[in-house]
Amino acid sequence: QHYSRGAEHSAPYRISERDSSHQSGAPWRQVPDQNPSQETPTKKQWRRKRTVFSPDEMAILIQYYDQHKFLNPALKAEILSKIDVPGNVLVMWFQNRRAKD
């Protein structure tokens, strides 16, 4: 899926339907129903649900993090081939993990 901003820069992120190749039903790929009575959706309608990693996914992430504190494009692609999360979630996980250390 492709995450894009609305027409205004202050609009919250929302998921575009441009790439439908990955349809696993994961929470970050679900778009809540819009309320037809409102012209602009509320912030809560577009909020991405928190990603919960399985113990196996966490083990993979920690293993890679112990070897590489920073992602590069090749490493990112390698990790994404092993776990099913969007790229921006992976980048955010590494950023948060560095902040935690």
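For reference, positions follow the sequence shown, starting with 1.
- From Ile60, atom CD1 reaches atom CD of Glu78 across 10.5 Å, with rounding to the nearest 0.5 Å.
- Nearest heavy-atom pair across His68 and Phe94 is O-CE2, 3.4 Å.
- Here the closest heavy-atom approach between residue Leu75 and residue Asn72 is recorded as N-OD1, 2.6 Å.
- Atoms OH and CD1, on Tyr65 and Ile79 in that order, are 12.0 Å from each other to the nearest 0.5 Å.
- Distance check, rounded to the nearest 0.5 Å: CG of Leu90 to CD of Gln95 gives 10.5 Å.
- Residues Lys69 and Arg98 approach most closely at O-NH1, 2.9 Å, considering heavy atoms.
- Contact detail for Ile83 and Glu57: the closest heavy-atom pair is CG2-CG, 3.6 Å.
- Between Asp66 atom CG and Leu61 atom CG the span is 11.0 Å, to the nearest 0.5 Å.
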Hey, mind stepping through Trp93 and Leu71 against side-chain contact (heavy atoms from CB on, under 4.5 Å) and telling me if it holds? CA-CA 11 Å; Trp93 187 89; Leu71 284 174; over 6 Å; no
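- Taking hydrophobic clusters as Ile, Leu, Val, Met, Phe, Trp and Tyr residues chained together by side-chain heavy-atom distances below 4.5 Å, Tyr64 does not share a cluster with Met92.
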